[in-house]
Visitor: 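First, the structure itself, so that you have it in front of you.
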Amino acid sequence: MSHPMDRRFNPAAADGRWQQAWDEAEAFRADDASPKPKAYVLEMFPYPSGRIHMGHVRNYTMGDVLARYKRMTGHEVLHPMGWDAFGMPAENAAMEKKVHPGTWTRANIAAMKAQLKRLGFALDWSRELATCEPDYYGHEQALFLDMLEAGLVYRKESDVNWDPVDMTVLANEQVIDGRGWRSGALVERRKLSQWFLKITDFADELLDGLDGLDHWPEKVKLMQANWIGRSKGLKMHFALAEPVADTASIEVYTTRPDTLYGASFVAIAADHPLALALAENNAALAAFAEECRHTGTATADIETAEKKGYDTGLSVVHPFDPAWTLPVFVANFVLMDYGTGAVFGCPAHDQRDLDFARKYALPVTRVVAPSPEEADAPIHDEAYTGPGKLVHSGFLDGMTVEDGKAAAIARAEAEGWGQGTTVWRLRDWGVSRQRYWGTPIPVIHCEACGVVPVPRDQLPVVLPEDVSFDIPGNPLDRHPTWRHVACPSCGGEARRETDTLDTFADSSWYFVRFASQPKDKAFDRDTVAQWLPVGQYIGGVEHAILHLLYARFWTRALKRIGKLDVAEPFAGLFTQGMVTHETYKAPDGRWISPEEIKDGVIVETGEPVTVGRVEKMSKSKKNTVDPTEILDQYGADAARWFMLSDSPPERDLEWSEAGIEGAWRFVQRVWRLAIDREPAEGADKDLDRKLHKTIAGVAEDIEALSFNKAVAKLYELASALEKAAPSASRTQAIDTMLLLVAPMIPHLSEEAWSARGHEGLIAQAGWPAVDPALLVDDEVTIAVQINGKLRDTLTAPKGADKATLEAMARGSEKVIAFLEGKEPKKVIVVPDRLVNLVA
RNA sequence: GCGGGCGUGGCGAAACCGGUAGACGCAGGCGACUUAAAAUCGCCCUCCCAUGGAGUGCGGGUUCGAGUCCCGCCGCCCGCACCA
């Protein structure tokens with residue numbers, strides 16, 4: 001136990017003691033009924049992979065500083081923690097290590113929770129939850145059924161990425177160069193019946209809602225907007241000159257109906273129903289379509305891929321002129337899953353169409369001209385996509401592009417061959433996963449009754465424990481009994497759904513459950529209203545699209561069906577940077593971890609290492625630093641302080657030995673200041689000013705999450721305190737400083753607070769008040785410039801008038817020397833700042 | 001290709017609204033204390049042809065004054081990607 005008079009702060013003894021004191025006082029328990037203003041601070045909950053990594057430490061430290069600060073400023077704070085506990089790694093562990101996914105996951109949770117506790121986070125552990133427990137996922141099943149009843153869930157056949165070795169569906173991100181990321185097997189496209197959530201029903205509101213998110217990074221809002229991808233245009237039919245295979249017309253989507261007079265072909269996707277029908281009796285076309293399916297996955301392919309087509313020999317009639325026909329191609333650049341899977345080509349005003357037209361010698365007709373003189377200007381290698389007026393376009397001639405679009409759409413609608421529409425890039429959310437370790441989808445399939453929801457009183461549908469992972473595939477599917485049930489509707493033999501929900505569903509409402517967790521339902525609407533939306537949400541940018549979009553959707557869906565009052569779950573969002581570290585390589589190119597190196601050489605082999613780029617900490621590059629070792633060596637406060645220092649929180653932070661040493665030194669400096677308890681008398685006005693400026697500045701910085709700036713200000717205050725002579729002001733300032741650093745280095749603050757004789761926990765103390773009178777200096781430094789170049793500085797009373805300042809500047813010896821007796825042409829005086837003499 | 005962001009000492013970075021560029025930290029140097037080391041404390045630390053001059057990726061512009069505003073380049077990073 002560290003004695004108050006120890007010259008050194010000893011975190012090994014103090015950290016645990018204060019963590020226990022906080023627990024015993026239930027210092028961080030959020031009270032729903034509190035009359036104080038509420039603050040909900042949340043960090044993205046972790047996947048229990050086994051151990052905490054430095055990224056977690058940084059993320060949770062930031063949230064913790066804010067949560068502790070909010071508490072000190074009189075808020076009732078909700079700062080919870082839980083576990084995003086379903087997912088593939090647990091099944092992989094089951095296959096490799098022969099442990100049950102639940103055993104593995106729960107052990108990881110216990111280990112990681114212990115690590116988080118050691119960091120001293122001000123969390124309300126009474127609200128801890130794990131998504132893999134029935135008391136969480138059971139409520140999720142109920143919410144799924146609510147959405148099903150509301151028509152927001154449907155089932156349809158759809159293409160999936162099927163890994164034939166692991167016998168499972170893979171997400172797009174898990175397919176690398178056409179192969180399964182785990183098995184390495186060539187991924188097949190398969191049609192499977194999948195459950196979908198109707199996120200596209202919310203496309204408009206999810207997009208428009210972004211405008212109201214003033215405390216979100218612009219970047220994230222843009223990424224979501226692009227992902228949702230609203231596009232306005234015309235869906236229209238080109239009638240086939242001669243109907244074929246029961247098809248009379250091809251439906252095409254375009255954002256440029258104004259350029260219809262420049263059309264020179266129609267192109268359909270290789271998977272377009274018409275292409276599939278034609279391919280049945282056309283081996284060459286079938287081969288071409290097959291080729292199309294195999295290109296386009298990898299990044300560079302698209303850039304270099306040549307525009308290729310197959311002429312079907314069919315032709316369509318131009319809607320503006322029955323005598324005008326266009327050839328129909330199957331083309332490799334047309335995508336089946338966007339728009340209608342068919343386009344019309346206008347080579348003059350679209351680069352892809354131009355490339356295609358040149359290759360197949362199709363006409364190129366300019367229909368938009370930036371000026372009347374350029375009406376017949378030839379198109380060379382570049383399509384013209386700029387503004388202008390329509391030419392060679394019949395009834396559209398002379399209109400602007402915008403007017404032309406409207407006129408073409410109006411005519412299409414009037415004549416019945418097309419309609420103005422909005423098309424989205426966003427797809428409905430396929431949530432079916434052929435996996436064990438996820439939330440069972442609570443439906444039953446009955447031969448007679450079809451899909452029957454599991455009755456509410458039979459929820460939760462609990463995962464069976466007795467499963468094996470020795471064969472690939474979904475253990476639920478081959479479980480001897482679990483899937484066999486009686487139909488709730490007719491009582492006949494029926495089959496449970498064996499797919500589980502995408503784990504993104506679990507993380508789409510956990511923040512609601514944190515706010516309210518009754519036993520009998522997912523949450524209580526009124527209690528949730530006390531807390532939501534989350535005031536500040538903090539996590540990595542990697543979740544900028546999927547998680548944050550799904551959570552926004554889920555919240556809006558719950559609102560639409562009357563379960564919730566909020567539409568947007570996260571009022572404030574902050575995306576923090578990564579924790580990075582130098583990388584090292586041996587001469588043979590293998591990665592070497594920092595511990596294996598001494599003086600630039602690998603200790604074991606004596607080989608020299610090359611220092612590589614600074615990169616995100618990752619196991620594969622062996623540049624990780626284990627938080628536990630840092631805690632053992634330096635304690636929680638030094639680790640926390642380092643996480644907040646130097647780098648702005650949105651940028652990457654490079655971990656370094658020197659950096660943590662520096663943080664450790666600061667913690668000890670504060671301790672040395674605090675243990676100095678010699679009584680002293682008298683005021684120190686300069687120190688009072690420094691202190692109050694620091695109180696105001698640190699508060700401002702914490703609220704803006706500019707922790708690096710708050711840290712810099714606290715370093716300055718510490719220096720000022722070290723230099724100041726003993727005084728009552730100084731004694732007071734040291735106490736106040738402890739309050740200012742308390743959110744960042746809470747253990748030391750508690751230890752010092754108590755050593756200085758204060759009652760109660762500093763974690764529950766109030767933030768110090770600022771005396772506004774002390775925020776202004778009574779003297780200021782004035783810059784004296786000649787022609788805008790600094791020549792001298794002088795000290796003047798605050799608020800001195802322009803004439804006084806000018807006179808002072810003219811009196812400066814340096815100014816007199818520079819002016820050489822000449823009279824300045826002009827004098828600019830900015831009060832309290834500068835005097836500029838223009839010669 | 002499209003969209004977004006960034007570029008400041010040896011390094012991480014500050015700089016409110018256009019007003020003393022480089023606060024604060026790291027690394028480094030010199031010194032003090034010490035038998036010595038650690039710890040700690042003090043000073044120095046953009047560059048140069050140095051009573052001065054140059055300097056915030058490069059080239060221009062606006063202004064009394066530009067890291068900050070405008071135009072044109074260069075480089076790096078991130079997201080999306082044949083989206084009709």
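Within every chain, numbering begins at 1; the chains are lettered A, B, ... in the order of the sequence lines, protein sequences first and strands thereafter. Just so you know, these numbers use all the heavy atoms, side chains as well, and skip hydrogens, waters and symmetry mates.
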Visitor: Output the single nucleotide from B:A84, B:A39, B:C82 whose closest atom is nearest the side chain of A:Phe333.
Guide: B:C82

Visitor: Using atom CG of A:Leu837 as one end and atom C1' of B:C64 as the other, report the distance to the nearest whole Å.
Guide: 10 Å

Visitor: For B:G52, decide between syn and anti, treating a glycosidic angle within 90° of 0 as syn.
Guide: anti

Visitor: Nearest to the side chain of A:Thr793, heavy atoms from C-beta on, is which of B:C64, B:U20, B:A13?
Guide: B:U20

Visitor: Taking only the side-chain nitrogens and oxygens of A:Arg8, find out if one of them lies under 4.0 Å from OP1 or OP2 of B:U40.
Guide: no

Visitor: Looking at residues at least two apart in the chain, or sitting in another chain, which of them share a ring pair (Phe, Tyr, Trp, His ring centres under 6.0 Å) with A:Phe320?
Guide: A:Tyr261, A:His318, A:Phe395, A:Trp417

Visitor: Any side-chain donor paired with an acceptor under 3.5 Å for A:Asp428 and A:Thr200?
Guide: yes

Visitor: Can you figure out which of B:G65, B:A84, B:G53 approaches the side chain of A:Val334 most closely?
Guide: B:A84

Visitor: Which one, B:C41, B:G79, B:G25, comes nearest to the side chain of A:Arg672?
Guide: B:C41

Visitor: With a 4.5 Å cut-off on side-chain heavy atoms, are A:Ile250 and A:Phe344 touching?
Guide: no

Visitor: Of the nucleotides B:A23, B:A27, B:A13, which has the atom closest to the A:Glu716 side chain?
Guide: B:A23

Visitor: Of the nucleotides B:U20, B:A54, B:A14, which has the atom closest to the A:Gln785 side chain?
Guide: B:U20

Visitor: With rounding to the closest Å, how many angstrom separate the C1' atoms on B:U63 and B:A13?
Guide: 29 Å

Visitor: Please state the P separation for the pair B:C49 and B:A66 - nearest whole angstrom.
Guide: 27 Å

Visitor: Please pick, from B:C41, B:G3, B:A84, the nucleotide with the shortest atom-to-atom distance to any side-chain atom of A:Ser231.
Guide: B:A84

Visitor: Consider the side chain of A:Lys723, meaning its heavy atoms from C-beta on, and name the nucleotide among B:G42, B:A84, B:G4 that approaches it most closely.
Guide: B:G42

Visitor: Once you round it to whole Å, what is the distance between P of B:G28 and CD of A:Glu661?
Guide: 12 Å

Visitor: Taking atom P in both B:G10 and B:U46, compute the distance separating them and give it to the nearest angstrom.
Guide: 10 Å

Visitor: Take N1-N3 plus N6-O4 or O6-N4 for Watson-Crick, N1-O2 plus O6-N3 for G-U, both under 3.5 Å. Which runs of 3 or more such pairs involve RNA chain B?
Guide: B:1-7 with B:74-80, B:10-12 with B:24-26, B:28-32 with B:40-44, B:46-48 with B:52-54, B:57-61 with B:69-73

Visitor: Expressed in whole Å, how much space separates the C1' atoms belonging to B:C2 and B:C11?
Guide: 35 Å

Visitor: OP1 or OP2 of B:A15 sitting under 4.0 Å from any side-chain N/O of A:Lys709?
Guide: yes

Visitor: Hey, what's the ring geometry for A:Phe356 with A:Phe265, parallel, tilted or perpendicular (30° and 60° as the breaks)?
Guide: tilted

Visitor: For the side chain of A:Lys307 and the base of B:C82, is some donor closer than 3.5 Å to an acceptor across the two?
Guide: yes

Visitor: Would you say A:Asp652 and A:Thr580 are linked by a side-chain donor-acceptor pair, where the criterion is simply a distance under 3.5 Å?
Guide: no

Visitor: Choose from B:A27, B:A84, B:A39 the nucleotide whose nearest atom is closest to any side-chain atom of A:Tyr338.
Guide: B:A84

Visitor: With a cut-off of less than 4.0 Å, is there a side-chain N or O of A:Arg791 near OP1 or OP2 of B:G53?
Guide: yes

Visitor: Expressed in angstrom and rounded to an integer, what is the separation of A:Glu650 atom CD from B:A13 atom C1'?
Guide: 12 Å

Visitor: Which whole number of Å gives the distance between the C1' atom of B:A15 and that of B:A23?
Guide: 8 Å

Visitor: Contact between A:Leu805 and A:Lys802 at the side-chain level, heavy atoms closer than 4.5 Å - yes or no?
Guide: no

Visitor: Without decimals, in angstroms, what is the distance between A:Asp271 CG and B:C82 P?
Guide: 14 Å

Visitor: If I take atom CD in residue A:Gln668 and atom C1' in nucleotide B:A39, what distance separates them, rounded to the nearest angstrom?
Guide: 10 Å

Visitor: Any side-chain donor-acceptor pair under 3.5 Å between A:Ser645 and A:Tyr715?
Guide: no

Visitor: Does B:A39 have OP1 or OP2 under 4.0 Å away from a side-chain N or O of A:Arg665?
Guide: no

Visitor: Measure up the A:Tyr550 and A:Trp429 rings against each other and bin them: parallel (under 30°), tilted (30 to 60°), perpendicular (over 60°).
Guide: parallel

Visitor: Using the C1' atom in both, what is the distance from B:G72 to B:U62, to the nearest Å?
Guide: 15 Å

Visitor: Would you tell me if any nitrogen or oxygen in the side chain of A:Arg425 comes within less than 4.0 Å of OP1 or OP2 on B:A81?
Guide: yes

Visitor: Taking atom P in both B:G29 and B:A21, compute the distance separating them and give it to the nearest angstrom.
Guide: 30 Å

Visitor: Among B:G25, B:A13, B:A23, which is the nearest nucleotide to the side chain of A:Tyr715?
Guide: B:G25

Visitor: What do the steps show when you test A:Lys713 against A:Asp701 for salt bridge (charged side-chain N to carboxylate O under 4.0 Å, His left out), and what is the final call?
Guide: CA-CA 9 Å; A:Lys713 289 186 176 83; A:Asp701 290 338; 2.6 Å; yes

Visitor: Any side-chain N or O of A:Lys219 less than 4.0 Å from the OP1 or OP2 oxygen of B:G5?
Guide: no

Visitor: Measuring to OP1 and OP2 of B:A14, would you say a side-chain N or O of A:Asn708 lies under 4.0 angstrom away?
Guide: yes

